[in-house]
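Quick notes on the structure that follows.
First listed ligand is number 1; within each ligand, the first listed atom is number 1.
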Amino acid sequence: MGVIQLRTAIPGPKSQALMARREAAVVRGWFHATPVFIARGRGAVVEDVDGNHLLDFAGGIGTLNAGHAAPNVQAAVKRQVENFTHACMAVTPYESYVRLAEKLNAITPGKFAKKTLLVNSGAEGIENAVKIARYATKRSSVICFEDAFHGRTLATLSLTSKIQPYKEGFGPFLSEVHRIPYAYCYRCSYQLEYPGCGVHCAHHLEDTFKRVVAAETAAAVVMEPVLGEGGFVTPPREFAGIVQEICRKHGILLIADEVQTGFGRTGKMFACEWSGIEPDMVVTAKSLGGGLPLAAVTGRAEVMDQAGPGGLGSTYGGNPLACEAALAVIEQMEREELPARALRIGERVQARAEKWAKEIPLVGDVRGLGAMRAVELVRDRATREPAKEETNGVAKHCYEHGLITITAGTYGNVIRTLMPLVISDAELEEGLGVLENALHAVAAGAAQTARA
Ligand code: PLP
């Protein structure tokens, strides 16, 4: 017997009642992937309020690489709660903030002296990295990528690409933000093909300095090593290196957004390690805090130290509970070799997904790095018309059968895998089985509709 155990239809009666209260009390702007309320979680399994056990392939959108209720994270937070819950780094400093900064300085890519700023969320991290870059370079423009996601605050929303539902109606945005195509090979903006293209999209940055914005005014390029919300778009290995080279040539700081890719997800502690780049700043969040709100900006000491005392910080940034949780997460990742585990998870997912691509016409592309895997669904393999409704149908079929998934992509037609890396092989296969059945069921339904 597997770990998925359903006592009620999904959603069960208690989840339905809570959903009605949620609709009355909570803003509509909150999206939810599943109509199920969680009661408790362990590893890769979620128990809902109706007593159903579901497998989790979404991991709180990548916040739970170390697993639900990781025992050492829980123990560290409990110990800290008994001493003090908060003091504010700007009032009474505490050792765990310093220890975490030392650890992040040591493990993030880049063989140079580093310093770290801790804040509360991925968006706050990116926002601060941009502030630091502007202060350090005395330049104002920022360059980012199509299909990127960097957050929902006003500055990060300016960097985020997707219009609906993120941007429409929330402008005006920062004026000095310029967007260039990412290496989305399945939907190449230049209709080129890798490797014949010579990674034209990365070299296009030079062209941008002639046509769009002067390199001398550019403070930073903000780049995800693999697009997260954009649909797990995985660029050719040399893409990031070319971008870094062009940045260095023009004195532009490279900010790597490792909010979703970091902490083992791609098979290395940080995705930048795959291309060997050494960004000037690395922004981390999500799985760093093991479920507690925490983000970090770690970068070259001489850049990070430009802003003076009081120029950076926030009341709760680097809260001691979150710092202790993060130190426990990193210790667990190293001890259990979770990045290596992510590689093995990724190999299994990829093998299954390649089989789906052969059998199910709905599956247009399979891609990813480590356990950051995705299938992109299309109505027609020749036109690559995005299959958004079908993707939502797959996600619905999955949760109705006990698997929590999360979609992604500018066209909303990607199913991505963000399962906790502590998932067992048996749990992984069970979850993949549900996903496989969902793909077959939705593809059969779509074919029937087309015939009718
Ligand atoms: N950057 C990336 C790559 C993300 O995936 C996200 C969130 O999904 C963010 C930034 C924003 O993080 P947060 O939601 O913690 O503000």
**OP:** Under the salt bridge (Lys or Arg N to Asp or Glu O under 4.0 Å) rule, what do Lys162 and Asp147 come out as? Steps first, then yes or no, please.
**Re:** CA-CA 6 Å; Lys162 191 171 172 175; Asp147 305 302; over 6 Å; no
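- In terms of the salt bridge (Lys or Arg N to Asp or Glu O under 4.0 Å) criterion, Glu146 has no residue partners (sequence neighbours excluded).
- Applying the side-chain hydrogen bond (donor to acceptor under 3.5 Å, both in side chains) test to Asp365 and every residue at least two apart in sequence or in another chain returns Arg367.
- Among protein residues, Ser121, Gly122, Ala123, Phe149, His150, Gly151, Glu224, Glu229, Asp257, Val259, Gln260, Lys286 come within 4.0 Å of ligand 1, judged on heavy atoms.
- When the side-chain hydrogen bond (donor to acceptor under 3.5 Å, both in side chains) test is applied to Tyr184, the partners found at least two apart in sequence or on another chain are Glu376.
- With salt bridges taken as basic N to acidic carboxylate O contacts below 4.0 Å, one links Arg99 and Glu324.
- The minimum heavy-atom distance linking Val283 with Ala129 is given by the pair CG2-CB, 3.8 Å.
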